Structure formats: C-alpha cells, structure tokens
Amino acid sequence: MQHDPVELLDEPRHRSSRLAAEGAAAATIGVEITTPQRLATIEREWRDLCGRALADNAFLEPSLIAAAAEVGAAEIAVLLAWSAPQPDTPSRLIGLWALARRPAFPLLPVPMLKTPVIDHAFLGTPVLDRDDAAQALSGMLDAIAAERSLPDLLSIGSLDASGPVAAVFAEVLARRGSPCTRLETRLRPSLLKSASGGGTSPVSPSRAKALRKKQQRLARQGVVSCTRHAGGSEVGPAIEEFLTLEASGWKGRRSSRGQAILRTPVLTSFFRRAIAALANRHQAQIIALRLDGRAIAMQVTVQSGETAFTWKSAYDEAHRACAPGLLLHQEVTGRFLADPALRAVDSCNHHDTGHMAEFWAGRREVSDLIVDARPRRTALFGLVSALELGHRRLREAARRGRSMLLALRHHGAHSVPETGKAGGGQP
C-alpha cells in the first residue's frame with residue numbers, strides 16, 4: 001500500500017511519559033560521532049543500555065556493525081549519546097545508532113545516511129534509553145546537522161512505528177521542525193509473549209490434521225530430527241550448511257530474482273562474521289530440521305535484549321510436499337514460547353505474508369522514512385522524497401505486472417486441451 005508524503009509521523013498509539021516531563025531537570029547530553037571500531041571498547045555500557053532500552057534492535061549489535069565495517073559494506077558512522085545527570089556522575093550511554101553513507105540514487109549523486117547499514121537487515125530503529133529517549137534522539141539529530149562531513153538527509157528503513165520509539169520520533173521531529181516523508185508503512189508478523197499481545201493463532205482441526213500428515217509423510221522417508229547450533233564451534237559448520245541450502249533453492253536462481261547470500265561475496269563474508277561473533281556471545285542460533293542427518297530446513301535467529309529476530313530461513317525444495325519449513329516453524333515457535341528470557345520475536349518479514357503470518361497473531365508496524373536533520377524543509381529534501389516515492393510506485397507496478405503475467409501463464413497452461421481429447425474426434 002502506498003502512502004502520500006506527510007510532514008510528520010502520524011500520532012502513534014503509544015506515548016512516552018518522559019516527553020511531557022521534559023524541562024529544566026533534563027540531563028546534559030553529549031553525542032559522539034565515531035567508528036564501528038569504537039564499539040569494542042564500550043561493551044559494558046552497551047549491555048547496560050540494552051537493559052534500559054525503549055526497544056530492542058539486534059541489527060545494532062556491535063558485533064554485527066563491526067562485521068559490516070570489516071567487509072567494507074559501507075562507510076559507517078556510529079552515533080553514541082551520553083548523559084551525565086550530575087557533575088560528579090560518570091557518563092552513561094543513553095543512545096546508539098549506526099548509519100551508512102550512501103548515494104540517494106545511482107543517477108543522483110546526493111549522499112544520504114541510511115539505516116540499517118547493510119542489506120538483509122530489517123530494523124532501523126535506534127536503541128534509546130527509556131528515560132532519556134527524546135533527549136538522546138534530539139542530540140543525535142543535532143550532531144548530524146552540525147557535522148559538516150555528514151549528509152543531513154536520513155533514509156530510515158523499517159522504523160518501529162507501532163511502539164514507543166514512534167512517539168519519541170513524532171515529538172522530537174515536531175519540536176525541531178525537521179521535515180519527514182513517510183514512504184511506506186507495512187505490517188509484519190510478530191510473536192508477543194504477554195497477556196495483551198499476540199501469541200500463536202489458533203490452528204483449525206483440518207489444518208492441524210494436514211500438518212500431522214505432512215510430518216508422518218516425512219517420517220516415512222527416513223529419520224527426522226531437529227538440532228540446535230548455538231556455540232561458536234557449532235555455528236561455523238551450520239552457517240555453511242545454511243548458505244548452501246539457501247542457494248540451492250529459488251533464492252539462488254537469477255531467473256527467479258533470488259537474493260541468496262552466496263550470490264554476493266560481501267554479504268557472504270558479512271553473514272559469516274556476524275553470526276559467528278553473535279554466537280560467541282550467545283546471541284545467535286541456527287536450528288535445523290534434518291532427514292537422515294541432512295538439513296532440509298534451517299532457521300537463523302539472533303537476539304538482543306529480550307527480543308529475538310528470525311533473521312533468515314531456507315528449506316529444501318525437493319521436500320516441498322512435506323512442508324519442512326512449516327514443520328520447522330512449529331518447532332521454533334514452541335522453543336520461543338518456552339524461553340523465559342524472551343519477551344517478543346520479530347519475524348523480519350517484509351510484508352504480512354508467509355507461514356509466520358498464518359501462525360503468529362501479533363503484528364509489528366514498520367515505516368520507511370526520509371528525514372532531514374536540519375530544522376527546515378529544503379528543495380533537496382523535497383526532490384529526494386519525490387524521487388523515492390516515484391521509484392517505489394514504479395517498482396510496485398512492475399511487481400504487480402509480473403504477478404499478473406505469471407497468473408496468466410499459469411491459467412493458460414491449465415487451459416490447454418489434453419492430447420487426444422478436444423479437437424481430436426474423441427467422444
């Protein structure tokens with residue numbers, strides 16, 4: 001669904017109580033613009049911030065950002081917001097955000113700061129202290145606007161638009177007068193472990209029966225098992241298994257516009273480094289559904305704070321009839337629900353589709369935005385916003401056209417008369 005540009009984010013359903021209480025008692029904020037290498041020196045401060053975060057974001061984990069920098073995926077600027085409430089109190093990390101310097105468009109050499117910093121990451125929300133979120137975000141935008149070496153335009157992908165961070169963004173942008181264009185808003189499935197949130201959706205008796213039959217059909221082909229790979233020594237081989245499995249399916253075929261990780265060397269190196277580093281900190285796991293020891297479906301999950309993110313999945317298309325991906329999803333969901341350390345699981349789906357949409361009742365709203373860090377609207381901001389909106393509309397029209405063409409081909413293939421029947425003189 002397309003959205004017209006808006007000057008500010010819509011008023012969110014959630015509001016931060018801290019915003020109304022801002023005033024003379026607000027803490028002194030300092031923002032450090034630094035490199036990913038700096039993150040290795042503030043591990044303790046980062047973990048402390050995760051415990052106070054307004055919202056979790058595994059795609060801002062220092063290990064992941066460092067891996068993106070090491071493979072040269074982009075020129076990355078890391079923003080660290082620090083607070084010192086009292087003169088003699090040590091500084092406290094109250095915000096972290098990473099942005100990559102990239103051109104707005106190939107034919108428009110206008111630099112922008114984009115987040116997430118690498119393809120195949122699915123949440124651009126900054127990690128902010130729940131008590132100082134507005135000050136931290138405002139300080140970050142001030143720092144970007146004041147730093148002459150950084151672009152003023154920000155492209156924010158998949159900002160959490162349904163949670164408390166959205167309230168902070170709306171309030172800060174309104175107070176600053178910073179223009180904002182909302183390019184698109186989407187829903188994606190989530191698993192929320194709370195009384196008011198969405199757990200699993202009820203499965204109809206017929207659907208449950210069909211799944212049991214698929215599981216029985218698979219079991220007749222060999223020994224079915226499920227393995228978890230979480231330690232540093234276990235994850236390395238499992239990563240290679242996953243990459244090979246993903247590339248063997250439609251994602252590995254150019255004709256299907258697949259985006260298998262192995263097709264892009266930079267992404268392959270990044271993925272190997274990031275998952276291995278996160279696994280060493282017990283923040284990544286790979287779960288595999290196996291048939292006679294061979295993986296036929298795999299799920300890569302990363303975690304930050306109390307939230308898990310089902311980052312990547314793949315299955316063996318030769319066993320499509322047994323729905324191995326769906327059977328693994330059931331197993332993984334059960335493990336998530338049984339884990340007392342988890343509060344929520346983000347599907348990382350681009351849209352509200354797939355088996356997670358069918359079986360998970362919760363939904364997360366995310367928005368793609370263009371924001372100007374400066375407190376005024378400029379002609380450049382308007383041009384970039386208009387071009388991006390136009391590009392997205394053309395891309396959506398092309399996608400719909402391909403879908404219609406495939407549907408017509410499918411219909412035509414099934415309407416061709418069988419040999420020896422129509423027109424063949426048969427009764």
Side-chain angles (χ1 to χ4, degrees), residues 58 120 122-123 158 162 186-193 197-219 221 224-228 238 241-242 245-253 256-261 285-291 294-303 307-339 342 344-366 399 403 406-407 410:
H120 295 249
F122 301 99
L123 192 64
S158 298
S162 58
R186 305 177 298 278
L187 291 176
R188 66 193 194 196
S190 64
L191 186 65
L192 306 177
K193 294 170 60 177
T200 55
S201 296
V203 179
S204 67
S206 60
R207 181 62 162 154
K209 181 179 179 181
L211 291 174
R212 286 195 299 271
K213 286 185 175 181
K214 291 182 182 297
Q215 190 168 21
Q216 292 165 1
R217 180 176 180 178
L218 184 63
Q221 300 179 34
V224 179
S225 61
C226 192
T227 58
R228 177 177 179 266
E241 263 191 303
F242 173 83
L245 180 61
E246 184 193 54
S248 70
W250 70 268
K251 290 183 180 181
R253 296 192 291 269
S256 302
R257 295 177 177 266
Q259 295 181 338
I261 294 169
Q285 65 175 0
I286 300 178
I287 298 179
L289 180 69
R290 299 183 179 277
L291 181 64
R294 187 174 64 86
I296 58 173
M298 302 186 81
Q299 174 74 66
V300 179
T301 303
V302 294
Q303 183 175 340
T307 306
F309 297 78
T310 53
W311 193 1
K312 289 290 179 181
S313 62
Y315 71 94
D316 187 342
E317 294 178 6
H319 295 279
R320 182 195 301 270
C322 297
L326 185 54
L327 295 178
L328 179 60
H329 171 68
Q330 288 185 299
E331 172 69 24
V332 170
T333 298
R335 296 188 182 209
F336 286 149
L337 292 173
D339 188 344
L342 287 181
V345 186
D346 188 328
S347 68
C348 296
N349 281 19
H350 188 71
H351 290 295
D352 191 12
T353 56
H355 52 258
M356 291 181 182
E358 181 180 358
F359 288 93
W360 290 1
R363 293 297 181 267
R364 165 176 273 192
E365 188 178 59
V366 295
R399 186 192 66 80
S403 298
L406 288 173
H410 180 76

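These numbers were taken from a predicted model, which means no experiment stands behind them.
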Can you tell me how far [atom2] of [Y] sits from [atom1] of [X], rounded to the nearest 0.5 angstrom?
X: Leu187; Y: Ser347; atom1: CG; atom2: OG; answer: 10.5 Å
X: Lys312; Y: Leu245; atom1: NZ; atom2: CG; answer: 13.0 Å
X: Asn349; Y: Thr310; atom1: CG; atom2: OG1; answer: 6.5 Å
X: Thr200; Y: Leu192; atom1: OG1; atom2: CG; answer: 11.5 Å
X: Cys322; Y: Leu291; atom1: SG; atom2: CG; answer: 8.5 Å
X: Leu289; Y: Tyr315; atom1: CG; atom2: OH; answer: 13.5 Å

Determine the minimum heavy-atom distance between [X] and [Y], stating which atoms define it.
X: Pro324; Y: Ala297; value: O-CB, 3.6 Å
X: Asp352; Y: Pro189; value: OD1-CG, 3.7 Å
X: Ala58; Y: Val302; value: CB-CG2, 3.8 Å
X: Ala260; Y: Ala247; value: CB-CA, 3.9 Å

Q.
Using the rule given for side chain to side chain contact (heavy atoms under 4.5 Å, CB included), can you reason through Leu211 versus Leu326, listing the C-alpha separation, both sets of side-chain angles and the distance that settles it, and then say yes or no?
A. CA-CA 8 Å; Leu211 291 174; Leu326 185 54; 3.2 Å; yes
Is the shortest heavy-atom distance from the side chain of [X] to the side chain of [Y] under 4.5 Å?
X: Gln221; Y: His319; answer: yes
X: Ile287; Y: Arg335; answer: yes
X: Arg294; Y: Asp316; answer: yes

Q.
side chain to side chain contact (heavy atoms under 4.5 Å, CB included), that's the test. Do Cys226 and Leu328 meet it? Break it down for me.
A. CA-CA 8 Å; Cys226 192; Leu328 179 60; 4.1 Å; yes
Main chain of [Y], side chain of [X]: is a donor-acceptor contact present, judged purely on distance under 3.5 Å?
X: Arg363; Y: Ala357; result: yes
X: Ser158; Y: Leu123; result: no
X: Gln303; Y: Phe309; result: no
X: Thr301; Y: Gln285; result: no
X: Thr333; Y: Gln330; result: no
X: Lys214; Y: Leu327; result: no
X: Lys193; Y: Phe336; result: yes

Sidechain N-carboxylate O distance under 4.0 Å for [X], [Y]:
X: Arg188; Y: Asp346; result: yes
X: Glu331; Y: Arg228; result: no
X: Arg290; Y: Glu241; result: yes

Q) What class does the angle between the rings of His329 and His355 fall in, given that below 30° is parallel, 30 to 60° is tilted and above 60° is perpendicular? A) tilted
Q: List the steps, then state whether side chain to side chain contact (heavy atoms under 4.5 Å, CB included) holds for Ile286 with Gln299.
A: CA-CA 6 Å; Ile286 300 178; Gln299 174 74 66; over 6 Å; no
Q. Using a distance-only test with no angle check, is there a side-chain donor-acceptor pair under 3.5 angstrom linking Trp360 and Ser190?
A. no
